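Below is one structure, written out as structure tokens; comments come after it.
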Amino acid sequence: MIGLVGLSSDVARTIVEFCRFAREKGLSPGVQETLDALDAAAALGVRNSEEMKFGLRAILCSSKDDWDLFEECFEAFGRESAPKPPSNRTKVLRKELATRVSERNSTSLMSTGSGDDVSSKLDGAQAVTGASARERLTQADFSTLSHSDLAALEQISLRLFKQMSRRLARRRRIATSRGQVDLRRTIHRNISRGGEPMNLRYRQRKPRPHRLVTLLDISGSMSAYSLFLVKFLYALQKHFRRVDTFLFSTGLVEITSLFRAQRLQEALQALSQQPAGWSGGTNIGGSLREFNDIHRRKLRSSDTLFVILSDGWDTGDPGVLAGELCTVKRRVRRLIWLNPLLGLKDYQPIASGMSAALPHVDVFAPAHNLDSLLALEKHL
Amino acid sequence: MGEFPTLPSGTGNQGVDAIVSGFERLGYITDRSLATAVYLVTKLRKPILVEGHAGLGKTEVAKVLASFLGTRLIRLQCYEGLDVNSAVYEWNYQKQLLAIKIEEGSNKSVEEKERHIFTREFLLERPLLQSILAENASPVLLIDEIDRADEAFEAFLLELLSDYQITIPEMGTIYAKHVPYVVLTSNRSRDLGDALKRRCLYQWIDYPSLEKEMKIVRTRLPRIEEELARQVVGYVQAVRGLNLSKPPGVAETLDCAEALLTLGMPKLDEDAIEQTLGCISKSVEDSAKIRTAGAERLLAGSMGRLQ
């Protein structure tokens with residue numbers, strides 16, 4: 001801890017104030033970062049504020065988003081901070097740090113339960129106003145599905161995933177027979193026989209998990225299904241090693257981290273806490289473009305399944321939709337489009353969006369009831 | 001921006017200056033932002049996470065830092081399925097078997113034999129262990145493309161980066177004599193865990209400004225004509241504005257310039273652009289976009305900005 005030694009009180013105070021300010025603006029420096037910032041200032045022996053800025057930026061940021069935010073933050077701080085009357089420096093500093101410690105403790109406790117920072121990000125990314133999901137939860141006619149049906153869904157999901165993983169395991173066995181000899185364990189095992197490898201130990205390739213990327217349409221036309229499908233996605237998510245989940249209507253919202261490591265109820269709760277354009281309009285092409293622009297790197301042709309759940313009613317340009325789908329198609333192993341309307345008897349995919357999309361889709365399947373979801377198994 | 005009270009010039013500034021000029025001597029043009037972060041790496045001894053688009057010299061940071069400090073560079077290239085055997089250590093099984101065979105006739109006890117074959121003599125040191133075992137000075141440990149490794153490995157790394165120690169069940173725990181300077185790079189193909197990010201300093205490397213890129217080209221290709229360098233850099237910068245799926249990085253600029261030199265082309269015109277298109281664009285769609293934009297516009301745009 002070199003920070004508090006040899007650092008002028010003004011600098012130290014300004015840094016602590018800046019950390020607090022940055023926190024208000026959405027960066028998340030904890031106590032450690034604040035202390036690091038003090039250390040950095042001492043190490044840099046700041047002469048001009050530019051170096052201070054670079055140093056603070058390296059310490060307080062941890063992603064490109066932070067990086068962009070920092071610039072703004074730093075300038076705003078410059079504007080807002082007016083010279084303050086000098087006060088007892090160590091006392092102030094200690095107090096600041098003490099409050100920071102307690103703040104940090106309390107916030108970290110709070111944020112473990114709900115995806116706090118995620119929701120704030122979502123708010124920023126998506127300013128679409130609409131009924132919040134909580135309202136949707138209470139009002140959507142999904143109430144037609146009884147409790148026993150829900151239980152059935154759970155069971156079916158379980159079965160689906162068990163079979164899937166069993167199949168994956170079989171594939172691997174055929175491919176690599178008994179696996180490689182694990183020399184380490186073999187030797188250990190056979191020391192007593194003078195190292196003669198009598199008892200071989202094997203090592204198998206870790207099953208290569210399929211990645212799943214899902215985009216769920218939550219626009220108005222899908223409202224009868226979207227809640228049900230959210231639950232389905234949640235169940236799916238548990239079984240792939242890497243899953244990225246997105247919601248879209250007029251824009252795209254990533255909910256991957258919202259879903260992760262939470263119970264279904266908690267996930268729904270967290271989802272409901274921000275209006276994410278539920279039951280709004282639809283712009284599938286635009287949403288896909290957003291996906292391609294920002295998240296394209298998450299697709300890897302060798303093992304990614306890409307699933308779109310949408311009825312294909314699109315208010316955007318069908319040309320854009322087709323183009324973006326084509327881009328996605330080239331980067332994934334399989335592109336699956338699930339359309340609840342396909343369950344209707346006389347449904348023809350003539351909606352302009354849907355017909356533009358079809359040529360690029362590997363699997364076009366219904367998703368309106370449990371059976372149709374169960375049938376999905378063969379495509380996963 | 002003058003709100004941070006100023007101090008008399010300290011060693012820090014000289015340190016940052018030294019890094020800027022030292023890196024430049026080694027052929028790496030850097031700005032004060034990166035230099036400051038690197039300086040803090042050497043002072044605070046925290047790892048640094050460098051992110052940015054491909055071809056902007058993320059990996060190079062570690063290499064140059066190692067030369068600058070006159071220390072060893074240890075590199076770990078991450079990939080999916082990277083495991084402890086290839087990242088940390090593995091036993092030299094053949095040698096162990098041989099040793100057991102040789103000692104077959106001796107009257108050592110089984111325990112003694114076991115102890116013997118699990119000594120450092122039989123250990124194959126992989127990058128992470130090497131970085132811990134460094135004898136003389138702190139090495140630079142480059143963990144390249146950490147986003148490609150799976151999350152389990154990331155968790156392991158987290159442990160290593162906090163304690164700088166590695167436990168080998170047969171041997172015990174090995175502590176670092178000299179804590180390595182750690183540089184991690186990521187292409188952002190997935191989000192890294194918060195815990196790891198928190199532990200690191202962060203640096204985002206963006207596309208360089210025209211001036212900086214000129215300087216890079218001049219430094220790396222000293223024999224290039226000033227005029228040609230200007231054209232190439234301006235052209236590549238214009239291409240970056242085309243919203244390609246893979247915008248060209250600095251590496252591509254250098255490739256293109258070098259290609260022109262090799263082909264003996266004195267200036268960049270439509271013909272030259274066509275011939276060196278493979279240096280700049282890495283997909284059919286991107287090539288088409290560049291052709292559609294037209295050589296004239298791309299070159300004119302660059303000239304306009306220069307004047």
Side-chain angles (χ1 to χ4, degrees), chain A residues 7-8 10-11 14-15 18 30 32-33 36 39-55 57-64 66-68 74-75 77-78 81 183-184 186-188 190-192 194-197 205-206 208 241-242 244 256-257 292 296-298 300 327, chain B residues 1-16 32-37 39-41 43-44 46 48-49 51 80-81 83 85 90-91 93-94 96-97 99-101 103-104 110 113-114 117 147 150-151 170 187-192 194 197-198 200-204 245 285:
Chain A
L7 200 58
S8 105
D10 285 350
V11 179
T14 316
I15 289 169
F18 178 73
Q32 186 56 50
E33 280 77 6
D36 282 342
D39 282 349
L44 284 166
V46 200
R47 184 176 49 191
N48 60 32
S49 74
E50 195 185 33
E51 246 138 50
M52 195 60 236
K53 175 183 156 184
F54 293 150
R57 185 166 66 180
I59 285 166
L60 301 185
C61 293
S62 61
S63 70
K64 176 67 167 46
D66 290 354
W67 193 261
D68 296 337
F74 193 81
E75 263 170 37
F77 184 71
S81 76
L183 278 169
R184 179 187 189 147
T186 303
I187 288 179
H188 227 145
N190 292 292
I191 288 171
S192 51
E196 206 69 64
R205 181 188 286 273
K206 253 177 147 178
R208 197 177 155 83
R241 272 288 285 286
R242 194 169 292 171
D244 296 288
T256 309
S257 47
N292 278 330
R296 192 177 48 214
R297 279 193 231 94
K298 291 183 175 148
R300 294 232 309 241
T327 310
Chain B
M1 291 208 318
E3 268 55 35
F4 285 102
T6 52
L7 284 178
S9 150
T11 51
N13 291 289
Q14 289 152 18
V16 176
R32 294 194 74 79
S33 167
L34 179 60
T36 307
Y39 178 71
L40 289 178
V41 170
K43 286 295 154 189
L44 306 188
K46 285 178 76 120
I48 185 169
L49 169 64
E51 290 191 330
E80 192 170 309
D83 59 0
N85 286 340
E90 190 161 26
W91 291 105
Y93 306 114
Q94 284 82 353
Q96 283 179 326
L97 284 173
I100 296 171
K101 263 288 182 239
E103 286 180 2
E104 220 167 50
V110 172
K113 283 181 189 169
E114 180 168 347
I117 64 161
D147 50 332
D150 29 34
E151 276 147 35
E170 294 90 345
N187 284 324
R188 297 208 300 157
S189 70
R190 73 176 170 87
D191 281 342
L192 302 176
D194 279 345
K197 285 198 289 194
R198 284 209 99 113
C200 299
L201 299 175
Y202 181 81
Q203 191 68 24
W204 171 258
S245 67
E285 288 77 16

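Note that this is a predicted model, so its numbers are computed, not measured.
Here the straight-line distance linking atom CG of A:Asp68 with atom CH2 of B:Trp204 works out to 8.0 Å at 0.5 Å rounding. Going from atom CG of B:Asp194 over to atom OG of A:Ser63 covers 9.0 Å, rounded to the nearest 0.5 Å. Interatomic distance, A:Arg57 CZ to B:Thr36 OG1, rounded to the nearest 0.5 Å: 9.0 Å.
Interface remark: B:Trp91 contributes side-chain atoms only to the contact with chain A (heavy atom separation under 4.5 Å). With a threshold of 4.5 angstrom between heavy atoms, B:Gln203 approaches chain A through its backbone and through its side chain. Looking at A:Asp36, the atoms closer than 4.5 Å to chain B (heavy atoms on both sides) sit in the backbone and in the side chain alike. For B:Glu285, the part lying under 4.5 angstrom from a heavy atom of chain A is the side chain only. Heavy atoms of B:Ile117 lying under 4.5 Å from chain A belong exclusively to its side chain.
Contact detail for A:Cys61 and B:Tyr202: the closest heavy-atom pair is O-CB, 3.0 Å.
Residue with the most contacts toward chain A among B:Asn187, B:Leu192, B:Ile48, B:Leu49: B:Asn187 (heavy-atom pairs, distance under 4.5 Å). Ranked by heavy-atom pairs under 4.5 Å with chain A, the list B:Lys46, B:Glu103, B:Glu51 is led by B:Lys46.
Checked by atom type and distance alone, the side chain of B:Tyr39 pairs as donor or acceptor with a backbone atom of A:Ala43 at under 3.5 Å.
The side-chain heavy atoms of B:Arg198 and A:Gln32, taken from C-beta on, include no pair separated by under 4.5 Å.
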